[in-house]
Each structure stands twice: as C-alpha cells, then as structure tokens.
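Structure record follows, encoded as structure tokens.
Both ligands and their constituent atoms are indexed starting at 1 by order of listing. Just so it is clear, the values below take in all heavy atoms, side chains as well, and ignore hydrogens, waters and symmetry mates.
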Amino acid sequence: MIDARTALVLFSGGQDSTACLAWALQRYARVETVGFDYGQRHRIELDCRLTVRQQLATQFTPWAPRLGDDHVLDVGLIGQLSDTALTAERAIELQANGLPNTFVPGRNLLFLGFAAALAYRRGASVLVGGMCETDFSGYPDCRDNTLKAMQLALSLGLDTPMTVETPLMWLTKADTWALTQSLGGDALTALIVEHTHTCYLGQRGQRHAWGHGCGTCPACELRARGHAQWRAGRQHTAEAS
Ligand code: ZN
C-alpha cells in the first residue's frame with residue numbers, strides 16, 4: 001500500500017538521511033528532498049546528495065517515478081550561529097559539556113521549520129528526518145519528544161497537518177544498516193557504502209568496508225562500528241540457520 005501523501009526528506013547525502021530517503025521512497029507516492037547549505041567546510045556532502053539521488057533513481061525502478069524535485073536552501077545564518085568568533089560567550093562551556101564548540105543549539109528545530117515552510121509550498125505533508133535518540137551525541141533537538149512537540153507546533157502554525165517521521169529514532173547504527181539492507185538488498189547497501197558521505201573531515205580518502213572517509217574522526221568511527229556490528233550479527237544469524 002502506497003501512502004498518497006507527498007513526503008519531503010531532509011537529505012544531506014549521508015548514510016542516515018539516505019536510509020530515510022529509501023524508507024520514504026518505499027512508502028510515499030511522491031518524495032522530494034531538501035538539503036541545507038550553511039557554508040559547510042565540506043561541499044563534498046552536497047555533491048554526494050546528487051550522486052545518491054541519481055543512483056537511487058537508476059538502480060531502483062519502482063522508486064524512480066516517485067522521486068521528485070530536489071531543493072537546496074541557503075541557510076548561511078546557521079554558519080553565523082556556529083561561528084565561535086561571533087558566539088564565543090558559551091563556546092567554552094559547550095566544550096566542557098562534551099558538545100563541540102561549533103554546536104548550533106536547536107539546529108534541527110531550525111531545519112524542520114525551514115523544511116515545513118518548503119513542504120507547505122510544495123504540497124507535502126510529511127517531513128522525514130534521520131534524527132536518532134540512540135545516537136551517542138544525545139543532542140536534545142534529536143529526541144523523540146522534541147520532534148513530537150515540533151510536529152504539533154508546525155501543524156498548528158501552518159494550520160495544516162504536518163507529520164514528522166523519524167524512522168531511525170530508536171535504531172542503532174547496526175540497525176540502520178539492517179534497515180537499508182531490508183529495503184533495497186545488497187544493491188542499496190553497496191550504494192550507501194560507495195556514495196554516501198559521513199566523515200567530519202570531509203575526506204573521501206580510502207575505501208573501507210563501510211565506505212569512504214578518514215576512518216578516525218567520530219563520525220567515521222561510529223559508521224565503521226555500526227557496520228562491523230551489523231556484519232557480525234548477520235554472520236551469527238547465517239551460522240545459526
Ligand atoms: Zn572521518
């Protein structure tokens with residue numbers, strides 16, 4: 001059963017948002033994507049988005065007709081808010097918390113607000129994001145209750161139902177690999193390994209079993225560990241059966 005609504009996926013070109021995009025393409029009649037350009041140090045992310053979209057459309061025939069327009073919003077002001085030269089007052093405090101000093105408080109709330117305004121104009125009534133509460137980072141704007149409250153605020157503020165879907169909310173990184181495998185089999189897993197981008201340092205670099213990246217930054221480590229756990233789990237299941 002295909003949901004007739006149009007979904008707008010917050011799509012960065014990383015592993016998580018690609019999983020969300022595949023998840024949405026499996027469910028909704030029409031799926032559009034939105035990316036945010038906030039002067040990322042690594043424009044490589046924005047390039048990966050286009051490659052991933054193109055690969056999904058060419059390799060997965062049932063999904064191709066559902067994949068609609070892509071939008072990139074220039075949100076340079078987010079860059080201003082993460083600029084420690086500008087916002088130094090609490091930067092040191094943030095680092096003491098274990099959060100990076102470039103952390104933008106409530107960033108996902110801003111992104112969802114922008115996405116909802118775009119969705120309204122595009123006739124979309126579902127927002128799909130890769131926010132995850134089981135993630136190590138524990139950003140409060142990624143928590144389930146925050147996003148449920150945001151769904152309510154957006155639906156009231158726009159005076160139209162706006163559903164916020166977060167398919168990864170309770171998944172581990174290993175579960176996310178399992179999810180995409182179940183959605184698109186080996187072809188989707190291979191696509192994610194080869195074309196999605198995760199590395200904080202913006203390195204494509206060496207090709208590891210889990211994809212490209214420096215291999216040592218927190219994002220690479222998280223992705224590698226999730227991939228290894230998923231592979232170990234699969235092997236265990238195969239041996240047991
Ligand atoms: Zn890295």
Less than 4.0 Å between a side-chain N and a carboxylate O, is that true for Arg207 and Glu194? yes

Salt bridge or not for Arg107 and Asp141, using N-O below 4.0 Å? no

Are side-chain N/O atoms of Arg5 and Thr163 paired as donor and acceptor at under 3.5 Å? yes

Can we say Glu221 and Arg223 salt-bridge, meaning some charged N sits less than 4.0 Å from an Asp/Glu carboxylate O? no

For a quick check under 3.5 Å, do Thr172 and Thr134 share a side-chain donor-acceptor pair by atom type? no

Among Asn108, Leu109, Leu127, which residue satisfies the side chain to side chain contact (heavy atoms under 4.5 Å, CB included) criterion with Met150? Leu109

Run through the protein N/O/S atoms less than 2.8 Å from the Zn ion (ligand 1) and write them out by chain and number. Cys199 SG, Cys214 SG, Cys217 SG, Cys220 SG

